[in-house]
K.L.:
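Mind having a look at this structure? Questions to follow.
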Amino acid sequence: MKPNFFEDVYEVVKLIPPGRWTSYGAIAQYLGTRGSARMVGWAMNNAHALPEVPAHRVLNRHGQLTGKHHFGTSGQMQALLEIEGLQIQEDRVVDAQMYYWDPGRELI
DNA sequence: ACACTGACCACTG
DNA sequence: CCAGTGGCCAGTG
């Protein structure tokens with residue numbers, strides 16, 4: 001039995017607008033637990049199999065593409081983000097705070 | 001049941 | 001900026 005946690009994570013990730021990104025911690029915080037940021041990452045591991053979940057829009061708190069290694073080919077994650085208008089430099093989003101999307105703040 | 005790991009985060013020094 | 005520590009929850013051997 002998988003916890004609703006997963007479903008909730010997927011829902012939030014699906015709601016992330018194109019050209020925006022959010023962090024594992026932000027999602028975890030939105031769901032009520034701060035430490036569960038790890039679980040979010042773990043949930044994404046499952047999520048990456050689902051085409052409906054844009055996992056490439058979920059980065060760590062620095063806007064760094066920590067999970068790029070999990071995308072089949074290297075550069076895939078960056079490419080997807082750049083297509084949506086984000087600028088990536090050194091595996092990091094340029095002007096990250098400018099494109100940051102907080103589920104608890106803008107989704108409310 | 002125990003130990004270790006993980007796409008993390010915050011605090012401290 | 002880097003290293004260490006604690007927290008959080010679930011999976012695996």
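Order of the sequence lines fixes the chain letters, A, B, ..., with proteins taken first and strands second; residue numbering starts at 1 for each chain. Heavy atoms only: backbone and side chains are in, while hydrogens, waters and symmetry mates are out.
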K.L.:
Taking atom P of B:dA7 as reference, at what distance in whole Å does atom CG of A:L50 sit?
P.N.:
18 Å

K.L.:
Could you give the CH2-to-C1' distance, from A:W42 to C:dA10, as a whole number of Å?
P.N.:
5 Å

K.L.:
Whole angstrom is fine here: how far is it from CZ in A:R61 over to P in C:dG7?
P.N.:
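Answer to the nearest Å: 19 Å.
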
K.L.:
Who does C:dT12 pair with, Watson-Crick or G-U, both distances under 3.5 Å?
P.N.:
B:dA3

K.L.:
Can you tell me how far P of B:dG6 sits from CE of A:M44, to the nearest Å?
P.N.:
18 Å

K.L.:
What is the distance, to the nearest angstrom, from the CD atom on A:E7 to the P atom on C:dC9?
P.N.:
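Going from A:E7 (CD) to C:dC9 (P), I get 19 Å.
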
K.L.:
Does A:S36 put a side-chain nitrogen or oxygen below 4.0 Å from OP1 or OP2 of B:dC8?
P.N.:
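For B:dC8, neither OP1 nor OP2 has a side-chain N or O of A:S36 closer than 4.0 Å.
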
K.L.:
Reckon A:R38 has a side-chain N or O less than 4.0 Å from the OP1 or OP2 of B:dC9?
P.N.:
no

K.L.:
Round to a whole Å and report the spacing from NE2 of A:H69 to P of B:dC8.
P.N.:
13 Å

K.L.:
Answer with base, sugar-phosphate or nothing: what part of the nucleic acid does A:H48 contact at a heavy-atom distance below 4.0 Å?
P.N.:
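Base contact.
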
K.L.:
With no hydrogens and no angle check, do the side chains of A:H56 and A:E84 hold a donor and an acceptor under 3.5 Å apart?
P.N.:
yes

K.L.:
Which residue in the set A:V94, A:L81, A:L80 passes side-chain contact (heavy atoms from CB on, under 4.5 Å) when paired with A:I88?
P.N.:
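The passing option is A:L81.
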
K.L.:
Taking CG from A:L59 and P from B:dC9, how many angstroms apart are they, rounded to a whole number?
P.N.:
10 Å

K.L.:
Taking only the C1' atom of each, what is the distance from C:dG13 to B:dA7 in whole angstrom?
P.N.:
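Their C1' atoms lie roughly 22 Å apart.
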
K.L.:
Please indicate whether A:R20 has more than 12 foreign heavy atoms, meaning atoms of other residues, nucleotides or ligands, lying under 6.0 Å from its CZ.
P.N.:
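Yes - once you tally the heavy atoms of other residues, nucleotides and ligands closer than 6.0 Å, there are more than 12.
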
K.L.:
Has the side chain of A:S36 got a donor or acceptor atom that lies under 3.5 Å from a matching backbone atom of A:M39?
P.N.:
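Here the side-chain-to-backbone pair does not exist.
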
K.L.:
Name the nucleic acid region contacted by A:N60, choosing base, sugar-phosphate or nothing; use a 4.0 angstrom heavy-atom cut-off, strictly under.
P.N.:
sugar-phosphate

K.L.:
Once you round it to whole Å, what is the distance between C1' of B:dC8 and CH2 of A:W21?
P.N.:
13 Å

K.L.:
Of the options B:dA10, B:dC8, B:dA7, whose atoms approach the side-chain atoms of A:F71 most closely?
P.N.:
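Selected nucleotide (nearest to the side chain): B:dA7.
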
K.L.:
Describe the nucleic acid contact of A:A55 in one word from base, sugar-phosphate, nothing, applying a heavy-atom distance below 4.0 Å.
P.N.:
base

K.L.:
Taking the six-membered ring for Trp, are A:F6 and A:W42 closer than 6.0 Å centroid to centroid?
P.N.:
yes

